[in-house]
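Per chain, numbering begins at 1; letters A, B, ... match sequence-line order. On a predicted model such as this, the values are computed, not experimentally measured, just so you know.
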Protein chains: 2
Amino acid sequence: MERDLTTEAKIMEAATRVFIAKGFNGCSSREIAREAGLNVALVNYHFKSKSNLFDIVIANVIKGFTLSILDVFKSNLSLENKTRILIEKEYDFLTKHPDVPNFIINELGKKDKSFFDCLDVANEFIEAKIFEQVENAQKNGELRNIDLVSIMLLIMSNCHFPFMAKPMIQTIHSLEDSKYQEQLTLHKQYVTEMLINYLFPKK
Amino acid sequence: MERDLTTEAKIMEAATRVFIAKGFNGCSSREIAREAGLNVALVNYHFKSKSNLFDIVIANVIKGFTLSILDVFKSNLSLENKTRILIEKEYDFLTKHPDVPNFIINELGKKDKSFFDCLDVANEFIEAKIFEQVENAQKNGELRNIDLVSIMLLIMSNCHFPFMAKPMIQTIHSLEDSKYQEQLTLHKQYVTEMLINYLFPKK
DNA sequence: CTACTTTTTAAACAAGTGTTTAAATTTTGA
DNA sequence: TCAAAATTTAAACACTTGTTTAAAAAGTAG
């Protein structure tokens, strides 16, 4: 019962590309098949249904997105350095995959908690012992004493939003892609300085 | 040739609600008509087509969103106080309309520049002379010397993202609506402090 | 009341949707 | 080599989509 993985890989590649670009409702099974250069029926033969394929794709995207973050958390660095590297990595990742945050936020908002639990990323974070490190850094006075949700929100807001709002900002300010990329490189420095200053106040 | 505005108003109300919640591709003309308690054909009779209705709705939403910002810009306050009030107003607006940023960013990204030019909001900002005020504040040393795009990005990121990511954060941290609202109230204070400290460094 | 316009309605249209079917083809294992 | 299994295909399925049509209803003005 050896399966032809190449066909499934083709479908996954095309589906990931199309789903991220247009969302679940914005594309059809036939469009995915066309992009993969395959017959429509193959999508359901290999993946049962469009929504099942979608679940696999989004789980995959989230996994890939989470892995690079976890690497930083698991490393043996101070929280301040972890934050610096995290921002750096986020901007790197998002430069390559600018549509991913929008995709995750929009499509995950439609799912219920049970789906999210299946992804099982929470345990990975617990394993990284990042919560203990935060608690300790706050006791030391190294890290500002605000809750973890807000810390995450502050970092994510300043990393993700500039990529999410890219089409809008580009339209408003008439910036071509290369100019906006320069803007983002500059912005990353501002964001890093601002967040580090705020989260890790020196005395 | 007096038109029954009530019917058009009903369609606009339902369309705005449904479009914001589900996006252009996420809903059907029939769903909008059903929500308005009207016959499907009335949508096209009064608004020509679904996409025409959508253009009117999104232009309307953007206008409403922009107006409250412009009020702040036009007021006679220092940039620091304008920033404080702007953040306050953004959080107020977004508490009432949490789905609007996602809606605007997603759907405006699909439109081209010509559509955006039709909205004609740029002139309003020029009229408010906010650009001159920024330039002067930077010469004074009151405002940090970074470009306007980044200033806007910093403020918008920290105001909009917490609302855009709400479903995701709620799922991750198992927070009910009221708890997340408390979180946002807290977060607004952090954001204000962080942004003011960074944008308006005291000496 | 009557002739006319505007509004509303149910029904139909062609096109596209996700999915299934059954036949054709390819691959597999003995 | 050859039957059994897995894969691929074209075609069809029932359903929804945005939109149009033509008749009915409501409203308007002389």
Discussion item. Please report the distance, rounded to the nearest Å, between CG in B:Leu42 and P in D:dA26.
Written reply: 14 Å

With a cut-off of 3.5 Å and sequence neighbours excluded, list every side-chain donor-acceptor pair involving residues 176-183 of chain B.
| residue | atom | partner | partner atom | Å |
| --- | --- | --- | --- | --- |
| B:Asp177 | OD1 | B:Gln170 | NE2 | 2.8 |
| B:Tyr180 | OH | B:Pro162 | O | 2.6 |
| B:Gln183 | OE1 | A:Ser150 | OG | 3.2 |
| B:Gln183 | NE2 | A:Asp147 | OD2 | 3.2 |

Discussion item. By nearest atom, which of the nucleotides D:dT9, D:dT21, D:dG18 is closest to the B:Ala41 side chain?
Written reply: D:dT21

Worksheet item: In whole angstrom, what separates B:Phe47's CZ from D:dT19's P?
Response: 14 Å

Response to the item:
For A:Cys27 and A:Glu31 the tightest heavy-atom approach is CB-OE1, 3.4 Å

Practice prompt. Kindly determine whether A:Asp55 and A:Asn52 satisfy side-chain hydrogen bond (donor to acceptor under 3.5 Å, both in side chains), including the steps that lead there.
Written response: CA-CA 5 Å; A:Asp55 286 351; A:Asn52 181 246; 5.3 Å; no

Practice prompt. For DNA chain C, determine which residues of residues 22-40 of chain B have any heavy atom closer than 4.0 angstrom to one of its atoms, and list them numerically.
Written response: B:Arg30, B:Asn39

Worksheet item: CG of B:Asn44 versus P of D:dT17: gap in Å, rounded?
Response: 14 Å

Discussion item. Surrounding NZ of A:Lys110 (heavy atoms of other residues, nucleotides or ligands, distance under 6.0 Å), is the total greater than 12?
Written reply: yes

Discussion item. Once you apply a heavy-atom cut-off of 4.0 Å, does A:Ser51 come out as touching a base, just sugar-phosphate, or nothing?
Written reply: nothing

Under 3.5 Å, which donor-acceptor pairs link side chains of residues 190-201 of chain A to any protein atom two or more places apart or in another chain?
| residue | atom | partner | partner atom | Å |
| --- | --- | --- | --- | --- |
| A:Thr192 | OG1 | A:Lys188 | O | 2.7 |
| A:Glu193 | OE1 | B:Tyr198 | OH | 3.4 |
| A:Glu193 | OE2 | B:Arg144 | NH1 | 3.4 |
| A:Asn197 | ND2 | A:Glu193 | O | 3.4 |
| A:Tyr198 | OH | B:Glu193 | OE1 | 3.4 |

Worksheet item: Between atom NZ in B:Lys50 and atom C1' in C:dG16, what is the gap in whole Å?
Response: 13 Å

Worksheet item: Separation of B:Tyr45 atom OH from C:dT7 atom P, in whole Å?
Response: 4 Å

Worksheet item: Does a side-chain N or O from B:His46 land closer than 4.0 Å to OP1 or OP2 of C:dT6, or not?
Response: no

Practice prompt. Spell out, as yes or no, whether a donor-acceptor pair under 3.5 Å connects the side chain of B:Asn39 to the backbone of B:Ala41.
Written response: yes

